[in-house]
Amino acid sequence: MFDFIKKNMWLLLGSFVLPAGLLAVAFAFLGIYWGSDTSILAGDAYHQYVAIHTLYRDILHNSNLGFLYAFTNGLGLNLYAFSAYYMGSFFMPITYFFNVHNMPDALYLITLLKFGTIGLSSFVALKNMYKKLPSLLILALSTSFTLMSFLTSQVEIIMWLDVFIWLPLIIWGMHALQDFGKRRLYFITLSLLFIQNYYFGFMVALFLIFYFLARSTFQKWSWRKFFDFALTSALSAFTSLVMLLPMYLDLKANNSQAVSQIDALWTQNSDLFDLFSKNFIGAYDTTQYNAVPMIYLGLLPLLLALTFFFLPQVKRRTKLAFGALLTLLIASFYLQFLDLAWQGMHSPNMFLHRYAFLFSLIILLLTCETLTRYRQVKLWMLLLPFVFLSLAFISTALLGGYPYIYALHVLLTLLFMLAYFLAALTFFKKWLPWRPLLIILSLFMAAEAGLNTYYQLSGIKREWNFASRNYYNTQTEFIHPLIANVHSRAGNTFVRTENIAPDTANDGMKYNYNALSQFSSVRNSNSSKIMKLLGFHADGTYLNLRYPENTLIMDSLLSINYNINQFQPEKYGFKQMKPYLFENKNALSLGIFVQEGFKDAPLIDNKKEFLKNQESFLNHLTHRREKYFTQFYAHSETSNSNISGNENQVTLTRKLGEEGGVSVSYDLTAPAHSQIYLELPNVSYLSQNSKTTTISISAGPKILHVYNVNSKDVGNFYNLGYFAKTTPLKVSVSFPENTQVSFGTTRFWALDTNKYQAAIDSLKKTEVKTTQVKNGIHLTYKADSSGQLFLTLPYDKGWTAKLDGKPVKLDRAQQGFMKLDAPAGQHKVELQFFPQGLKAGLTCFFVGIFLFIGYDFVKRKSSMRDQEH
């Protein structure tokens, strides 16, 4: 290894610097660089990954936080299972040197480092697999692989990049196992992939089976080699159970709708020329829905991969085997069952065809196989693929109807195709010595990769927008000091905080506060389902859970101690502590003492019954039969728009000659001692670019409040304020920049604050003090009678409890939460989280390594004896 490094030192450096440098240049052309006004945060990078990296950084800096459990979103999260999908990277510790203010620069740096490392690992792997190939050509190929469209078009998904560091090494390891019986590299790298990213590990594992079978056709079939491959792979999977087992148990228990239904033969939006449309230089359609697979690797590799099938000395069975593998991948882009099978039978939320990189990988490998047999290649073997691809590209441009293919893409593609063919012609005619020709060819390949990278990043900018640093800083400088104040007030006491108008659903992770909202592929669907029945926004797969636009009752029961509120009316019981920061005097502890025990409340699965569900939930905690919400009605209703619809759905349409958006106003009287709400369900906009609802509340000539709500991803109950006495009001609901809006029937509700206060006071009679500790919670209470502690934590079998140091049973409560028996007297309850399956997984990890070492030792001894004989 040291000899290899010494011999290839400058090429190794180049393999790192070249792709990272081309990516940095492409970013720079878009105004993105270290400390730039435009950040690298686009799409999920802004809404998820900057928050996840900041959370990781906070755990490194705060001894009270742990890597097993986090309370910063979804009421609580199995962080170990979460990390199997989101945090498995050796680059994460770099975040230690950053903070929430400059974390965009950390993501920029880590992105470049990961691309550079992909280039390095690709060069090392290709150089060792195909030793006869010129190093400069391998450098160009490793750069093409690193900057393939699958990665550059989805560069904001930073968690995926580590997969491609290991992937070339895994292929090299498999080659070494298959050809020379050397299995250590394969075992180590495959195990690391499974541990770091089980999702892509699953796709790679399937591919490796097919690739091993295809590659076996080069030689005579050997059952010995097959069993060696199968057993080493199995030991790798067994060792990886340290992550796979806890992850699987969490998905099985807490993540519903993991399997998608097959509802059609064909994948959506698939068309005849898709493969060619996405092999144009710079072609970018979308990474949302109806996307065509991102398969671009480079034009020369595509030409050479097709040439492989014309090589005379490659056996027919080998051509058929690799042709079948390519056909399988292509068919998967079109057939829904195969498409889902590669992705674990789970339809992805945008970023479709996530296995498309395997097509690019097989193209790269076939290219290298062709180049190692360059002496067999005749000019006509290149001419046929060149003519075929040229005709296919022209047909796609003229007949395909792909709006994302512009004339410039067509021109660039055909010019580069022509350049590569001229280079091939020069090689065969010997018009130039091969060394200068190799340099020219490598430069063209690097230029092509750089151009395509720029166009992919430009596509991301158009579709997702790279967030401005000024906007990011504005949010950070506003929220971060308020959360610091919350921490100083609360100390180690467990409190939850929520922002009335959040920047993202993962602000809790980003700013290190305990929160209800979440946006995550790994989540506890059981608790989210109950939250949905209680009126919180939660989409069908529970990917999204949002706090805004609910009621005081849920604030109290879910321990929402603090609100960040810039614009909305104040809430009853919330006291302003600082500008925009309000403390809820009626917030209950995470553990609610329920006298005589808690029995599940019957919750109705109907959007019109959310408030009844809240009443039922509160009554089952207090053992009361109160009605807290009362519907009251507007005296009159006026609108600047034409009103149509029925009792279930209303449509406002702007009148002819009117300007601006549509609106409707209500005259009503707020009852005394009430917090009032407007129920505004199922809002649907004609203009998808403006999803803002403006609420205006007036008492006579005095405007009390005006505030905006982004009606996407919020609940139905819009806060209209607290009124101590009967008050005539005018409430206006307007939809700026929309000429037509539809919504469900509006209703006005009054929460009787006297009844509400009495109920909360009854639950507060037995005070439960809650302290947050590393990966756990401590609760102390003093009760006059026995009962149960209802815990507003998502139910998870990883939780264990001790009462005064002795283990006690934790039971599921209300389907998604937890409870435990609480005897009378003064007691201390300790809750600790350790992921279900982790102990067994750790055992498998060490046993798997031990078994592999033993197996490898026996196989090497056997191989040495065979060589001696």
Side-chain angles (χ1 to χ4, degrees), residues 44 47-48 51 70-78 81-82 85 250-251 253-260 346-350 496 498-509 514-551 553-555 557-560 600-614 616-617 677 679-684 691 693 709-719 743-744 792-796 812-818:
D44 283 352
H47 292 279
Q48 293 192 80
F71 302 94
T72 52
N73 65 339
L75 298 179
L77 176 71
N78 181 339
F82 178 89
Y85 187 75
D250 180 70
L251 288 178
N254 302 322
N255 285 267
S256 64
Q257 299 194 10
V259 176
S260 301
H346 179 75
S347 182
N349 180 47
M350 297 188 280
R496 288 192 176 111
E498 273 292 354
N499 193 346
I500 298 295
D503 185 27
T504 75
N506 292 315
D507 281 356
M509 279 188 169
N514 302 327
L516 179 156
S517 296
Q518 67 171 21
F519 175 66
S520 168
S521 294
V522 179
R523 64 276 187 192
N524 192 308
S525 299
N526 298 319
S527 60
S528 294
K529 181 179 180 180
I530 303 305
M531 300 291 282
K532 183 177 182 179
L533 296 178
L534 292 170
F536 293 96
H537 170 85
D539 57 25
T541 60
Y542 306 111
L543 185 78
N544 245 327
L545 176 66
R546 300 297 178 105
Y547 167 78
E549 314 317 321
N550 211 309
T551 73
I553 288 179
M554 299 319 302
D555 281 339
L557 298 184
L558 296 176
S559 192
I560 306 297
D600 288 358
L603 303 183
I604 306 167
D605 192 1
N606 187 324
K607 293 181 179 180
K608 294 183 179 181
E609 306 296 346
F610 289 153
L611 296 185
K612 283 187 178 180
N613 287 343
Q614 292 186 19
S616 177
F617 187 33
Y677 299 94
E679 183 180 2
L680 184 67
N682 305 326
V683 184
S684 176
K691 294 187 176 182
T693 300
V709 174
N710 185 333
S711 302
K712 180 184 178 184
D713 299 338
V714 297
N716 296 341
F717 301 100
Y718 291 64
N719 177 25
F743 47 85
T792 54
L793 279 174
Y795 177 80
D796 192 298
R812 189 190 294 266
Q814 202 60 59
Q815 302 303 313
F817 299 105
M818 298 187 293

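Residue numbers count from 1 along this sequence. In this text the structure is predicted, and so the values were computed from the model without any measurement. Hydrogens, waters and symmetry mates play no part in the numbers below; they use all other heavy atoms, side chains included.
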Gln815: which of Leu603, Asn526, Asp600 passes side-chain contact (heavy atoms from CB on, under 4.5 Å): Asp600
Result of checking Leu545, Asn73, Asp250, Thr541 against Arg523 for side-chain contact (heavy atoms from CB on, under 4.5 Å): Thr541
Without hydrogens or angle criteria, can the side chains of [X] and [Y] be said to hold a donor-acceptor pair below 3.5 Å?
{"X": "Asn254", "Y": "Asn78", "value": "no"}
{"X": "Asn550", "Y": "Tyr677", "value": "no"}
{"X": "Thr792", "Y": "Ser559", "value": "no"}
{"X": "Thr551", "Y": "Gln614", "value": "yes"}

Any non-hydrogen side-chain atom of [X] less than 4.5 Å from a side-chain atom of [Y]?
{"X": "His346", "Y": "Pro348", "result": "no"}
{"X": "Leu680", "Y": "Thr693", "result": "yes"}
{"X": "Phe717", "Y": "Phe610", "result": "yes"}

Under the side chain to side chain donor-acceptor pair (under 3.5 Å) test, residues paired with Asn506 that sit two or more places apart: none
Identify, with sequence neighbours excluded, every residue that meets side chain to side chain donor-acceptor pair (under 3.5 Å) alongside Ser616. none
Would Tyr718 and Ser711 count as a side chain to side chain contact (heavy atoms under 4.5 Å, CB included) here? Give the steps. CA-CA 10 Å; Tyr718 291 64; Ser711 302; 3.5 Å; yes
Measure from the side-chain N and O atoms of Arg496 to the backbone N and O of Leu75, and report whether any donor-acceptor pair falls under 3.5 Å. yes
Would a distance-only check, ignoring hydrogens and angles, find a side-chain to backbone donor-acceptor pair under 3.5 Å from Glu498 to Ser517? yes
Mark yes when over 12 heavy atoms from residues, nucleotides or ligands other than Asp605 sit less than 6.0 Å from its CG; otherwise mark no. no
Could you tell me which residues satisfy ring-ring contact (aromatic ring centres under 6.0 Å, His included) with Phe71, sequence neighbours excluded, listed by chain and number? Tyr69, Phe494
